[in-house]
Amino acid sequence: QVQLVESGGGLVQAGGSLRLSCAASGRTFSTYAMGWFRQAPGEEREVVASINWSGRSTYYGDSVKGRFTLSRDIAKNTAYLQMNSLKPEDTAVYYCAAAPGSGRPLRPYDYDYWGQGTQVTVSS
């Protein structure tokens with residue numbers, strides 16, 4: 001079992017930055033891939049970024065590439081999403097998720113565990 005708790009969301013002006021954290025419980029955190037997804041009202045949940053268990057392989061969605069950075073600290077059982085140059089279209093509820101296995105899945109149904117979500121609102 002892995003439990004995930006996100007934090008760090010909030011209201012920021014366009015061009016600003018936020019860092020989301022995802023704290024995981026469970027001794028097997030290091031063996032899971034981690035993903036960040038987001039969902040805006042009326043939209044489907046989409047992948048923002050994912051990272052494999054070792055941290056050596058990452059994926060970024062086209063809309064966030066070059067602006068967002070996903071990292072993980074195994075010792076702290078925490079994954080981070082650094083978001084820079086935020087845009088109003090980044091406004092959504094952001095979720096972290098964990099998936100077993102060696103890859104870095106991109107689809108929500110590949111993930112077994114989810115956090116409760118944290119709201120990110122970017123004003124223009």
On a heavy-atom basis, which atom in A98 and which in V2 lie closest, and how many Å separate them?
CB-CG1, 4.4 Å
For L70, does its backbone N or O pair with a side-chain atom of Y60 as donor and acceptor, under 3.5 Å?
yes
Are Y32 and V5 linked, directly or through intermediate hydrophobic residues, by side-chain heavy-atom contacts shorter than 4.5 Å (ILVMFWY only)?
no
Taking the side chain as every heavy atom from C-beta outward, state whether Q119 and T91 have any atom pair closer than 4.5 Å.
yes
So that I can tick it off, tell me whether D62 and K65 are bridged by a salt bridge, with the cut-off set at under 4.0 angstrom between side-chain N and carboxylate O.
yes
Just wondering, do F68 and W36 contact through their side chains at under 4.5 Å, heavy atoms?
no
Please determine whether the number of non-hydrogen atoms from other residues, nucleotides or ligands lying under 6.0 Å from atom CD of E44 exceeds 12.
no
Nearest 0.5 Å please: distance from the SG atom of C22 over to the CG atom of N77.
10.0 Å
Report yes if some heavy atom in the side chain of V120 is under 4.5 Å from a heavy atom in the side chain of M83; otherwise report no.
yes
On a heavy-atom basis, the closest approach of S85 and R67 is O-NH1, 2.9 Å
Please name the pair of heavy atoms, one in A92 and one in R38, separated by the smallest distance, quoted to 0.1 Å.
CB-CB, 3.8 Å
Apply the hydrophobic cluster definition, ILVMFWY joined by side-chain contacts under 4.5 Å directly or through others, and give me every member besides F37.
V47, Y59, V93, Y95, L106, Y111, W114
If you round to the nearest 0.5 Å, how far is OG of S7 from CZ of R19?
9.0 Å
Check side-chain contact (heavy atoms from CB on, under 4.5 Å) between T78 and all other residues, then give those that pass, not counting sequence neighbours.
S21, A23, K76, Y80
First locate atom OG of S124, then atom NZ of K87, and finally report the distance between them rounded to the nearest 0.5 Å.
14.0 Å
Check step by step if side-chain contact (heavy atoms from CB on, under 4.5 Å) holds for L4 and M34.
CA-CA 10 Å; L4 306 173; M34 299 297 296; 4.1 Å; yes
What are the two closest heavy atoms between D110 and P105, and how far apart are they?
CB-CB, 3.5 Å
Between A14 and P88, the two heavy atoms sitting closest are CB-CD, 4.1 Å
Mind checking what makes side-chain contact (heavy atoms from CB on, under 4.5 Å) contact with N84, not counting sequence neighbours?
S17, Q82
G8 versus L18, closest heavy-atom pair with distance
O-CD2, 3.8 Å
So, the side chain of R104 versus the backbone of A49: is there a donor-acceptor pair under 3.5 Å, distance only?
no
Within a strict 4.5 Å, meaning less than it, do heavy atoms of the E6 and L20 side chains meet?
no
